[in-house]
Amino acid sequence: MAADLHIHTTISDGTDTPEQIVKQALALGLDAIAITDHDIMDGAIIASRVATGKNITVLSGVEISCYYNTDEVHILGYFDQVVSSELTKTLAEMRNFRWQRAKLIVEKLKHVGINIKWQRIREIAGDGSVGRPHIADALVEKKIVPNRETAFKKYIGTGCPAYVPRKKISPIEAIDLITQSKGVAVLAHPGTINSQFFSQIGQWIKHGLHGIEVWHPHHSVMQSQYFLNQAKALDLIPTGGSDYHGLKHASCNSLGAVTAPMESVERIIELL
Ligand code: AMP
Ligand code: FE
Ligand code: FE
Ligand code: ZN
């Protein structure tokens with residue numbers, strides 16, 4: 001009885017459509033999934049519709065890209081239905097900013113002698129949530145870099161010549177928005193954020209954080225054990241998932257490879 005609660009689709013920077021995800025999840029025998037695209041819920045809504053009447057639970061989800069100071073902190077939100085216009089408004093603003101940011105990245109690349117056509121970025125990204133992987137793919141396509149990782153390392157990763165941050169939203173703002181929408185807020189892949197996590201988690205719980213992602217491809221066995229203990233000690237729901245982005249992603253490329261127990265899904269649903 002397994003649930004993959006962290007999945008990206010073509011609506012953000014994944015390479016499989018929501019329809020393909022549902023089909024594959026059924027084939028894998030997953031009992032529950034959640035589509036958690038970056039700053040957009042359209043894929044989650046499509047997946048729920050596609051899965052109606054099928055033998056799988058589909059939670060609507062989102063992964064909100066936040067910063068704690070300058071550090072990346074991602075907050076997952078799980079919902080029954082999304083009703084709050086505040087959340088949808090903020091996500092729309094974040095996506096608008098992502099498009100402006102992508103333009104800025106293309107400009108910055110020009111300054112280091114790399115010409116990527118804006119039109120090509122639009123084609124690769126589609127009309128959902130644009131992200132750096134789309135720009136990386138354009139750089140790979142033009143043979144400027146051999147792969148996405150090199151694109152991040154040389155050009156678009158933090159501190160690189162064409163780095164531009166996203167719209168700044170704090171974890172607390174994201175948790176508040178999710179909570180106001182009657183959703184369940186979960187701290188994504190805590191193993192990838194620095195130790196400020198420990199000093200902040202109490203604050204985040206006060207604002208309604210209900211879970212932490214214990215099982216994630218970027219967590220070692222020791223980290224997962226540590227965060228599971230933390231979840232127990234703090235009475236948080238332990239969640240997990242593959243962070244599937246499709247086959248092109250270097251590390252998050254296997255749907256259902258990392259899962260959470262159905263008990264976690266039941267605890268989320270109880271709160272919705
Ligand atoms: P963005 O949301 O536009 O800031 O882009 C971040 C996304 O890029 C993440 O969600 C990953 O899918 C991907 N990513 C982050 N770091 C790397 C990396 N070093 N190499 C390849 N992809 C990455
Ligand atoms: Fe991503
Ligand atoms: Fe993330
Ligand atoms: Zn993710």
Side-chain angles (χ1 to χ4, degrees), residues 1-65 74 76-82 123-134 136-137 140 147-149 183-184 186 188-189 192 211 213-219 224 237-269 272:
M1 296 293 276
D4 188 338
L5 302 178
H6 193 154
I7 301 169
H8 295 272
T9 75
T10 45
I11 302 295
S12 69
D13 57 0
T15 49
D16 295 12
T17 63
E19 289 88 347
Q20 287 168 331
I21 296 287
V22 172
K23 210 170 150 191
Q24 289 170 47
L26 282 164
L28 287 168
L30 289 169
D31 299 292
I33 57 167
I35 304 287
T36 52
D37 276 315
H38 300 290
D39 310 329
I40 189 163
M41 301 208 47
D42 299 29
I45 293 162
I46 297 167
S48 297
R49 204 171 53 223
V50 173
T52 307
K54 304 227 161 70
N55 196 20
I56 190 165
T57 301
V58 177
L59 294 177
S60 290
V62 69
E63 181 173 24
I64 305 185
S65 320
H74 297 175
L76 293 158
Y78 297 105
F79 306 87
D80 182 14
Q81 269 176 318
V82 184
E123 285 162 9
I124 295 172
D127 51 13
S129 190
V130 67
R132 284 178 289 170
H134 301 122
D137 284 350
V140 173
N147 50 45
R148 281 183 178 179
E149 289 64 48
V184 172
V186 171
H189 40 71
T192 67
E213 195 172 47
V214 166
W215 301 282
H216 185 275
H218 294 163
H219 287 175
S224 291
I237 304 170
T239 74
S242 64
D243 208 350
Y244 183 65
H245 279 74
L247 298 180
K248 272 196 209 168
H249 201 286
S251 48
C252 303
N253 51 24
S254 182
L255 187 69
V258 178
T259 55
M262 279 305 279
E263 191 201 333
S264 299
V265 177
E266 282 149 22
R267 284 178 70 183
I268 291 172
I269 290 173
L272 293 176

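Sequential numbering from 1 along the given sequence is applied to the chain's residues.
- Residue pairs meeting the salt bridge (Lys or Arg N to Asp or Glu O under 4.0 Å) criterion with at least one member in residues 24-48, sequence neighbours excluded, are Asp39-Arg98.
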Are Asp4 and Val258 close enough, and set up right, to give a side-chain contact (heavy atoms from CB on, under 4.5 Å), and what steps lead you there? CA-CA 7 Å; Asp4 188 338; Val258 178; over 6 Å; no

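- Taking Asp137 as the reference, Arg148, Lys248 meet the salt bridge (charged side-chain N to carboxylate O under 4.0 Å, His left out) condition, with sequence neighbours excluded.
- No side-chain donor-acceptor contact under 3.5 Å links His216 to the backbone of Val214.
- Using a 3.5 Å distance cut-off with no hydrogens or angles, the side chains of His134 and Asp13 do not pair a donor with an acceptor.
- Among residues at least two apart or in separate chains, there is no ring pair (Phe, Tyr, Trp, His ring centres under 6.0 Å) pair with a member in residues 42-63.
- When all heavy atoms of Ser12 and Ile40 are compared, the closest pair comes out as CB-CG2, 4.4 Å.
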Using a 3.5 Å cut-off and no angle test, enumerate the donor-acceptor pairs between side-chain atoms of residues 47-55 and protein atoms at least two apart in sequence or in another chain.
| from | atom 1 | to | atom 2 | distance (Å) |
| --- | --- | --- | --- | --- |
| Ser48 | OG | Ala44 | O | 3.0 |
| Thr52 | OG1 | Ser48 | O | 3.0 |
| Thr52 | OG1 | Arg49 | O | 3.0 |
| Lys54 | NZ | Val50 | O | 3.2 |

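- The shortest distance between side-chain heavy atoms of Pro261 and Trp215 falls below 4.5 Å.
- Here the shortest heavy-atom pairing between Thr15 and Leu247 reads OG1-N, 3.8 Å.
- For residues 249-263, every residue pair satisfying the side chain to side chain donor-acceptor pair (under 3.5 Å) rule, not counting sequence neighbours, is listed here: His218-Ser251.
- Judged as a salt bridge (Lys or Arg N to Asp or Glu O under 4.0 Å), not a single pair has a partner in residues 18-27 (not counting sequence neighbours).
- Remark: Asp16 engages Gln24, Tyr244 in a side-chain hydrogen bond (donor to acceptor under 3.5 Å, both in side chains) (not counting sequence neighbours).
- The salt bridge (charged side-chain N to carboxylate O under 4.0 Å, His left out) search around Glu149 returns none, not counting sequence neighbours.
- The side-chain hydrogen bond (donor to acceptor under 3.5 Å, both in side chains) search around His189 returns Glu63, His74, Thr192, not counting sequence neighbours.
- The minimum heavy-atom distance between Tyr78 and Ala34, with the atom names listed, is CE2-CB, 3.5 Å.
- Under the side-chain contact (heavy atoms from CB on, under 4.5 Å) criterion, Leu272 pairs with Leu59, Asp80, Val184, Ile268, not counting sequence neighbours.
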*asked:* What verdict does the side-chain contact (heavy atoms from CB on, under 4.5 Å) test give for Ile35 and Ile21, after you've listed the backbone C-alpha separation in whole Å, the side-chain angles of each residue and the deciding distance to 0.1 Å?
replied: CA-CA 9 Å; Ile35 304 287; Ile21 296 287; 3.7 Å; yes

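- At least one side-chain heavy atom of Arg267 sits less than 4.5 Å from a side-chain heavy atom of Pro238.
- Here the shortest heavy-atom pairing between Gly240 and Ala260 reads N-CB, 3.5 Å.
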Between Leu76 and His6, does the side-chain contact (heavy atoms from CB on, under 4.5 Å) criterion hold? Intermediate values first, please. CA-CA 8 Å; Leu76 293 158; His6 193 154; 4.0 Å; yes

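- For the residue pair Ala125 and Val130, the shortest heavy atom distance occurs at CB-CG2, 3.6 Å.
- Counting all heavy atoms, side chain and backbone alike, Met262 lies closest to Ala3 at SD-CB, 4.0 Å.
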